[in-house]
Colleague: 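Below you'll find the structure I mean.
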Amino acid sequence: MTSPRRLLNYWQLHPKRQLGQNFLIDPSTADMIVSRSKINPGDIVLEIGAGLGALTIPLSRAASSVYAIEIDQSLTLLLKAELDSHGIENVTIMGHNILRTDIHEIMEMAGSKLIVFGNLPYNISSQVLVHLIKSRSALKRAILMFQKELARRISADPGIKDYGRISAMLQSCADIKSIAEVKASQFFPRPKIDSEVLEIIFNNWMDQFVKEEDLFFNVIKAAFSKRRKTLKNALGTSAYFQDAKDAARVLSSIGIDPTRRAETLTKEEFAMLSNAAYEMRK
Ligand code: SAH
């Protein structure tokens with residue numbers, strides 16, 4: 001594959017910062033990531049942000065087919081030409097915004113659950129994760145590249161400063177493991193921080209222990225919306241409790257000290273809390 005700089009030059013394009021465009025330079029890095037993700041020949045892959053095809057090409061060789069989502073219409077033309085020049089025929093390019101893409105629809109088109117793959121645009125990584133969590137019944141697993149800071153937050157345990165809304169949400173429905181690290185120098189243009197590739201394997205913990213998923217997510221969001229405040233104060237101003245006193249009463253009734261902070265709550269405690277809020281609303 002031609003280097004991203006030369007390819008963009010040839011097409012008279014420039015990387016767009018607002019779309020989080022940082023292209024992988026070295027095909028052997030792309031090969032390494034794809035090989036560590038153990039894609040099977042029968043797998044169908046949904047790639048988010050295909051860009052110039054650095055990952056799309058090795059993915060198309062490892063999987064049975066690839067749906068490649070790319071929002072930037074000037075890149076989809078380039079990508080099409082790039083894939084054609086490699087004689088690749090099992091990739092469907094979709095000029096879509098992933099955040100507005102119905103993943104279940106693609107699963108139905110594909111006829112089986114999907115493996116999501118992507119070097120995510122860093123500015124929408126968290127939003128993409130939330131979208132994937134909500135669409136997880138259409139997914140087998142996800143292999144995603146994040147800037148290191150976000151990867152650390154995703155994997156952080158309760159009680160640690162990095163633990164937040166996205167950690168609690170994702171850890172409630174998936175097992176997460178790190179499969180590779182990629183240096184900032186491996187991208188054009190070069191970002192400020194290194195990246196990490198995480199494998200996210202969805203499980204059924206949340207389906208088992210959480211009574212209403214949206215409420216669970218909303219309670220987590222409300223608890224972390226004012227991280228510095230105590231739980232009773234953060235939750236007291238949310239739609240789910242009348243005031244801080246009401247929140248304190250519910251928290252105490254399930255054995256959670258109302259003066260704790262959101263970042264100390266385990267997923268089990270968030271589940272108890274949202275289940276209690278659910279019972280109250282009935
Ligand atoms: N996979 C390529 C490109 C990664 S850069 C590589 O590793 O080299 C991230 C890509 O996501 C860019 O091509 C960018 O245009 C695309 N992108 C940004 N926002 C998007 C969105 N909302 N939906 C789909 N693609 C998006």
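Not measured: the values here are computed from a predicted model. Order of listing sets the numbers, starting from 1, for every ligand and every atom in it. Position 1 is the first residue of the sequence; numbering continues from there.
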Colleague: Between Glu70 and ligand 1, is there a nitrogen or oxygen pair with a distance under 3.5 Å?
Modeller: yes
Colleague: Classify the ring geometry between Phe224 and Phe270 as parallel (under 30°), tilted (30 to 60°) or perpendicular (over 60°).
Modeller: tilted
Colleague: Report yes or no: does a heavy atom of Arg100 sit under 4.0 Å from some atom of ligand 1?
Modeller: no
Colleague: Evaluate the salt bridge (charged side-chain N to carboxylate O under 4.0 Å, His left out) criterion for residues Lys148 and Glu181: first the C-alpha distance (whole Å), next the side-chain angles of each, then the deciding distance (0.1 Å), finally the verdict.
Modeller: CA-CA 9 Å; Lys148 267 226 157 128; Glu181 295 190 4; 3.0 Å; yes
Colleague: Go through ligand 1 atom by atom and flag the ones less than 4.0 Å from a non-hydrogen atom of Gly20.
Modeller: 5 (S), 9 (C)
Colleague: How far is atom 18 (C) of ligand 1 from its nearest protein heavy atom, and which residue and atom is that?
Modeller: Leu19 O, 3.1 Å
Colleague: Could you tell me whether a side-chain N or O of Gln171 sits under 3.5 Å from a main-chain N or O of Ala156, the two making a donor and an acceptor?
Modeller: yes
Colleague: Any ion pair linking Arg136 and Glu213 (charged N to carboxylate O, less than 4.0 Å)?
Modeller: yes
Colleague: Salt-bridged, Glu199 to Arg141, with N to O below 4.0 Å?
Modeller: yes
Colleague: So is Leu52 close enough to ligand 1, meaning a heavy atom under 4.0 angstrom away?
Modeller: no
Colleague: Below a 4.0 angstrom heavy-atom separation, can you tell me which part of Met145, side chain or backbone, both or neither, approaches ligand 1?
Modeller: neither
Colleague: Distance under 4.0 Å to a non-hydrogen atom of Leu75: what atoms of ligand 1 satisfy this?
Modeller: 13 (O)
Colleague: Kindly write out the residues that satisfy side chain to side chain donor-acceptor pair (under 3.5 Å) with Thr56, not counting sequence neighbours, or none if the list is empty.
Modeller: Glu47
Colleague: For ligand 1 and Leu24, I'd like to know whether there is a polar contact (N/O to N/O, distance under 3.5 Å).
Modeller: yes
Colleague: Side chain of Asn22, backbone of Phe188: donor and acceptor closer than 3.5 Å?
Modeller: no
Colleague: Evaluate the ring planes of Trp205 and Phe216, with Trp represented by its six-membered ring, and classify them as parallel (under 30°), tilted (30 to 60°) or perpendicular (over 60°).
Modeller: tilted
Colleague: Does the distance from a Lys or Arg side-chain N to an Asp or Glu carboxylate O, for Arg153 and Asp162, drop under 4.0 Å?
Modeller: no
Colleague: Run the salt-bridge test on Lys232 and Asp246 with the 4.0 Å N-O cut-off and return the result as yes or no.
Modeller: no
Colleague: Is Asn22 in polar range of ligand 1, meaning some N or O pair under 3.5 Å apart?
Modeller: no
Colleague: Taking only heavy atoms of Phe23 into account, list the atoms of ligand 1 that are under 4.0 Å away from them.
Modeller: 3 (C), 8 (O), 13 (O)
Colleague: Shortest non-hydrogen contact from Thr76 to Glu70?
Modeller: CG2-O, 3.5 Å
Colleague: Is it true that Asn97 lies under 4.0 Å from ligand 1, counting heavy atoms only?
Modeller: yes
Colleague: Do me a favour and list the nearest non-hydrogen protein atom to atom 3 (C) of ligand 1 with residue, atom name and distance?
Modeller: Gly49 O, 3.4 Å
Colleague: Nearest to atom 25 (N) of ligand 1, what protein heavy atom do you find, and at what distance?
Modeller: Ile71 N, 3.4 Å
Colleague: Identify, for atom 19 (N) of ligand 1, the protein heavy atom at the shortest distance, and state residue, atom and that distance.
Modeller: Pro121 CG, 3.6 Å
Colleague: Considering only the protein, which heavy-atom contact is closest to atom 23 (N) of ligand 1, and what is its distance?
Modeller: Ile98 N, 2.9 Å
Colleague: Can you tell me the protein heavy atom closest to atom 7 (O) of ligand 1 and the distance?
Modeller: Asn119 ND2, 2.9 Å
Colleague: Would you kindly specify which portion of Ile124 sits under 4.0 Å from ligand 1, judged on non-hydrogen atoms: side chain, backbone, both or neither?
Modeller: side chain
Colleague: Does ligand 1 have a heavy atom under 4.0 Å from the side chain of Ala50, from its backbone, from both, or from neither?
Modeller: backbone
